[in-house]
Protein chains: 2
Amino acid sequence: MTSPRPLRADAARNRARIMTAAHEQITEHGPEVSMEQIAAAAGVAVGTLYKHFPNKNDLVASVVAASFETLADDAEECLRREVQGSPAMAELTGFLSRVMDTVARNRAVKAAAYALSADHTTHPAMQAVETRVTQALGGLIRSAQAQGALRADFTLDDLYLMLSSLPADQPPTARTRWLALLLTGLTAR
Amino acid sequence: MTSPRPLRADAARNRARIMTAAHEQITEHGPEVSMEQIAAAAGVAVGTLYKHFPNKNDLVASVVAASFETLADDAEECLRREVQGSPAMAELTGFLSRVMDTVARNRAVKAAAYALSADHTTHPAMQAVETRVTQALGGLIRSAQAQGALRADFTLDDLYLMLSSLPADQPPTARTRWLALLLTGLTAR
DNA sequence: CCATAACGTGAATGGTGCTTCATGTTGTAT
DNA sequence: ATACAACATGAAGCACCATTCACGTTATGG
C-alpha cells in the first residue's frame, strides 16, 4: 500500500531536498513561490519536481500535510501528558499558544489550519492526520470540562474556529493578548 | 487641493464606473482579478484604467479606501446614537457584528481591516479615515467602560486585534458563535 | 562490468497579466 | 461651428510561470 517499489537512492535524497526546500520557500514567500524558485532552493532542475509531484498543487499540499503531522504530534503529546495527570486546560492553552507561534512563522500551516475548519473536502493525505488531531483535542476538551476549567458548552468546532481566526500576522505581544482575551471568556465561571 | 481642474463629463462618468466595477470584481474574485476583467466589467478598455490610476495597486487601494469610508460612517453613527442615550456596549457589539458581515462578503474590506491594525504605513488616502474610526471607536470604548459594561483594561488596540482576526471565511452561524465566545470574555464581571 | 530502467535536465511551449503608446474619438471653450 | 485639449482605445511589448518532453546521466541487479 505504501510503495510498489522502493525509491532509488538519489531519488529519495532529492525528494527529501525538495520537501524541505519547498517548506522553506513557502514559509518565506507564501504558496505563490514559483516552481523554479523551489527547484533552485532544492538544488535540482524544475523537471525533477514534476518527477516527484504531478503538479504544483500537490507539492504544496504535501508540504502542508507534513506541517500538519507535527501539529498532530503536539496534540497527541498534550493528551498523553493530561492522562498522566497534567491539567487538561493548561495543555489546551499551551497547545493553542504553540500553534499560534508556529502559524505566525509559517503561512503553509496557516493554510492547513484554515483547511481543517473550512475545507472539509481536503487533500486525501490530510484525512488521516485530521482524525488524529480531532481525537486528541476532543479528549482534552472533555477532560478540561470534567475538571471544571472549561465552560461546558465549548465544542471542538469552537476550537477549530479559534484556530482559523488566530491573528498570525500580529506581533507576539498582540498574539498573547488575543489569547488571554479569549480565554477569560472560555473559563468556566 | 482637491482638483486643479474639473474632470471632463465623460471622464467623471467612466471613473465612477471603474470604481464600482472594481469594487464588485474585487469583492467577488479577490484583489487578484485582472485589469482586463475590471475593464470589461466597467465597459471600458484597459487603457482607460491607466488614465485614472497609475497602476493596479493604486486602483485597489482606492477601492479599499472607499470601503473604509462606509466603515467610518458606521462607527460615527454608533457614537452619535450612544451620545443620544443608546448603551455604548450594544453599539459596540452591533458595530462588530456588522463589520464581520461586511468583511465576510468583501475581501477588499478585509484587507482594509488588516491594514488598520498592522500596516501603519498605509496609503495616504487611508490616513484621514483611520483617525475618524479611531475617534469614534475610542469614544464608544470609554463610554462602555464608564457604564460598567466593558472590562476596564480593554483598549482600542484590542478592538483592532479583534477586527483583524475575525473569521470572515466562516458561515454566519460560526461567526455569531465566535462573537459570542469573545464577548463573554469582554464583559465586565 | 554491463545493460537497462529509473532518474535528472533545462530549453521550449503556451498561457496570463500588467503596462505602454500610437492612433482615433469626443467634450467643451470660444 | 471650429479647433484643440482631454480622453478612450486595444493591440503589442514584456515579464513571469506552470508544465512538458526529448535527450543525457546514473544507480543497481545480475
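All values reported here derive from a predicted model rather than from experimental measurement. Numbers restart at 1 for each chain; the letters A, B, ... are given by sequence-line order, proteins then strands.
- Distance B/Arg13 CZ to C/dT26 C1': 11 Å, rounded to the nearest Å.
- Both A/Gln37 and B/Ala12 lie near DNA chain D, and the one whose nearest nucleotide falls closer to the 5' end is B/Ala12.
- Screening residues 37-50 of chain B for salt bridge (Lys or Arg N to Asp or Glu O under 4.0 Å) gives no qualifying pairs among residues at least two apart or on separate chains.
- Applying the salt bridge (charged side-chain N to carboxylate O under 4.0 Å, His left out) rule to A/Arg8 yields the partners A/Asp10; only residues at least two apart in sequence or on another chain are considered.
- Boundaries of the chain A contact region on DNA chain D are D/dC17 to D/dT28, first to last in 5' to 3' order (nucleotide atom under 4.0 Å from a heavy atom).
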In residues 83-96 of chain A, what donor-acceptor pairs under 3.5 Å come from side-chain atoms, sequence neighbours left out?
| unit_1 | atom_1 | unit_2 | atom_2 | d |
| --- | --- | --- | --- | --- |
| A/Ser86 | OG | A/Glu91 | OE2 | 2.7 |
| A/Glu91 | OE1 | A/Arg81 | NE | 3.1 |
| A/Glu91 | OE1 | A/Arg81 | NH2 | 3.1 |
| A/Glu91 | OE2 | A/Arg81 | NE | 3.1 |
| A/Thr93 | OG1 | A/Met89 | O | 3.4 |
| A/Thr93 | OG1 | A/Ala90 | O | 3.0 |

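- A search for side chain to side chain contact (heavy atoms under 4.5 Å, CB included) contacts involving B/Ala66 returns B/Met19, not counting sequence neighbours.
- For the OP1/OP2 pair of C/dG8 and a distance below 4.0 Å, the side-chain nitrogens and oxygens of A/His52 include at least one atom meeting the criterion.
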Would you list the protein and nucleotides 18-25 of chain C atom pairs, both N or O, that sit under 3.5 Å from each other?
| unit_1 | atom_1 | unit_2 | atom_2 | d |
| --- | --- | --- | --- | --- |
| C/dC18 | OP1 | B/Lys56 | NZ | 2.6 |
| C/dC18 | OP2 | B/Met35 | N | 2.8 |
| C/dT19 | OP2 | B/Tyr50 | OH | 2.9 |
| C/dT19 | OP2 | B/Lys56 | N | 3.0 |

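- At distances below 3.5 Å, not a single donor-acceptor pair connects side-chain atoms of A/Asp74 with backbone N or O atoms of A/Leu71.
- Taking atom CZ of residue A/Arg15 and atom C1' of nucleotide C/dG8, one finds them 15 Å apart after rounding to whole Å.
- Between B/Leu7 and A/Leu7, the residue anchored closer to the 5' end of DNA chain C is A/Leu7, taking for each the nucleotide with the nearest heavy atom.
- Partners of B/Arg142 under the side chain to side chain contact (heavy atoms under 4.5 Å, CB included) rule, at least two apart in sequence or in another chain, do not exist in this structure.
- By the side chain to side chain contact (heavy atoms under 4.5 Å, CB included) test, A/Arg15 pairs with A/Leu7, A/His52, A/Phe53, sequence neighbours left out.
- Atom CG in A/Asn14 sits about 5 Å away from atom P in C/dG8, given to the nearest Å.
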Could you list the donor-acceptor pairs under 3.5 angstrom formed by side chains in residues 34-45 of chain A, with sequence neighbours left out?
| unit_1 | atom_1 | unit_2 | atom_2 | d |
| --- | --- | --- | --- | --- |
| A/Ser34 | OG | A/Gln37 | N | 3.1 |
| A/Gln37 | NE2 | A/Gln25 | OE1 | 3.3 |
| A/Gln37 | NE2 | A/His29 | ND1 | 3.4 |

